[in-house]
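I have placed the structure first, in the form of structure tokens, so that the comments after it can refer back to it.
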Amino acid sequence: MIKAHPSAIPGDSDIYGASPSVLSLVLNARRLFDCNYGARFDENTVARLGAVVGLLFHNARVAEWDDSVLESFFRQLTLIRVEKLYAIPTGYEYERDSDAAMEILDFKPPLLGSINPTIDDFSKVRGGQIGLYSGSCFLFSPCLNFSLLDVNGQYTMILGPRRFVDSVFGSTVSATWSEINPNSDIEPSILSKLLDAKTAYDYGT
């Protein structure tokens, strides 16, 4: 098993050290929300919550990421008084070993971060041990009604009530998916995941 301490990555050591109750909450949340090892939010869980999912696609041809949508996400969370987010890597193969303690518990302390809803704290996740371990992560609010899925710097999905997600993007949810179609100029393996997600959420084809 891996035995690595997250504090080996400068700047992110202060986000680790979750309590057993938080570990249990977030591990169970990942089981519910994860689909296809971190490719998208599970559409059945999205439907049960009555939530929607907005898409932010990161253009590889742009030299620097535009973090304005992420900043809007954190700002909207602050406005509704969400004060904490839990960060966890994606990609666990649940069906292969459903009784396993999961890989985050191979780290000491466990590889689960607790951050403030700010772009600076999210940078600790992106550039720290979680980002290095899997490249992708979930952020869950304690109530689980708001979440973010960041996939290898390729795209980001934001989940929440429709009014919240519309406010984050400054547009309708369907508009955030409008450029995803079979003819999109996107690397095929990424496009396939996004087309599957768009269909699963019933946002058109």
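Owing to the predicted nature of the structure, the values given are computational and were not obtained by experimental measurement.
Ring-plane geometry between Tyr201 and Tyr203 is classed as tilted, the angle between the planes lying from 30 to 60 degrees on a 0 to 90 degree scale.
The heavy-atom pair separating Asp42 from Leu32 by the smallest distance is CB-O, 3.5 Å. When every heavy atom of Ala87 is checked against every heavy atom of Ile130, the shortest pair comes out as O-CD1, 3.7 Å. Among all heavy-atom pairs drawn from Ala39 and Tyr155, the shortest one is O-OH, 2.6 Å. When every heavy atom of Phe41 is checked against every heavy atom of Ser147, the shortest pair comes out as CE2-OG, 3.3 Å. Scanning all heavy atoms of the two residues, the minimum distance from Gly38 to Asp34 falls at N-OD1, 2.5 Å.
Here the side chains of Glu179 and Phe57 are not in contact, with every heavy-atom distance at 4.5 Å or above. Annotation: side chain of Val151 is not in contact with side chain of Ile190 (no heavy-atom distance under 4.5 Å). Using a 4.5 Å cut-off on side-chain heavy atoms (C-beta onward), Ile104 and Leu23 make contact. No side-chain heavy atom of Ser21 sits under 4.5 Å from any side-chain heavy atom of Leu25. In this structure, the side chains of Leu111 and Pro89 come closer than 4.5 Å at one or more pairs of heavy atoms. A heavy-atom distance below 4.5 Å is found between the side chains of Ser141 and Leu85. Residues Asp196 and Arg40 meet the side-chain proximity criterion, which asks for heavy atoms closer than 4.5 Å. Contact annotation: the side chain of Cys137 approaches that of Phe122 to within less than 4.5 Å [non-hydrogen atoms, C-beta and beyond].
Separation of atoms CG (Leu112) and CG (Leu105) is listed at 9.0 Å; rounding is to 0.5 Å. The distance from the CD1 atom of Ile119 to the OG atom of Ser68 is 9.5 Å, given to the nearest 0.5 Å. In this structure, Ile15 CD1 and Tyr86 OH are separated by 13.0 Å, a value rounded to the nearest 0.5 Å. Taking CG from Leu195 and OG from Ser184, the interatomic distance works out to 6.5 Å, rounded to the nearest 0.5 Å. Expressed to the nearest 0.5 Å, how far CZ of Arg162 lies from OG of Ser167 amounts to 12.0 Å. To the nearest 0.5 Å, atom CD1 of residue Ile115 and atom OG of residue Ser123 are 9.0 Å apart.
In this view, Thr156 and His58, Asp150 satisfy the side chain to side chain donor-acceptor pair (under 3.5 Å) rule, not counting sequence neighbours. Residues that satisfy the ring-ring contact (aromatic ring centres under 6.0 Å, His included) test with Phe146, not counting sequence neighbours, are Phe164. Remark: Ser171 engages Phe169, Ala175, Thr176 in a side chain to side chain contact (heavy atoms under 4.5 Å, CB included) (not counting sequence neighbours). Looking at residues two or more places apart in sequence or on another chain, you find a side chain to side chain donor-acceptor pair (under 3.5 Å) between Arg48 and Thr45. A search for salt bridge (Lys or Arg N to Asp or Glu O under 4.0 Å) contacts involving Asp166 returns nothing, not counting sequence neighbours.
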>> Quick one, Val52 with Val46, criterion side-chain contact (heavy atoms from CB on, under 4.5 Å). Give me CA distance, side-chain angles, the key distance, then yes/no.
In response: CA-CA 7 Å; Val52 297; Val46 172; 5.9 Å; no
> Between Met157 and Val165, is a side-chain contact (heavy atoms from CB on, under 4.5 Å) present by the stated rule, with each step listed?
Replying inline: CA-CA 10 Å; Met157 294 183 181; Val165 178; over 6 Å; no
>> Walk me through whether Leu49 and Phe33 qualify under side-chain contact (heavy atoms from CB on, under 4.5 Å).
In response: CA-CA 11 Å; Leu49 284 174; Phe33 283 85; 3.6 Å; yes
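A donor-acceptor contact shorter than 3.5 Å links the side chain of Asn28 to the backbone of Ser24. Side-chain N or O atoms of Trp177 include one that pairs as donor or acceptor with a backbone N or O of Val53 at under 3.5 Å.
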Please list, one pair per line, the donor and acceptor atoms closer than 3.5 Å that link side chains of residues 69-84 to other protein atoms, with sequence neighbours excluded.
from, atom 1, to, atom 2, distance (Å)
Ser72, OG, Val168, O, 2.8
Thr78, OG1, Phe74, O, 3.0
Lys84, NZ, Asn116, OD1, 3.2

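When ring centroids are compared, Tyr16 and Phe107 stay outside the 6.0 Å threshold.
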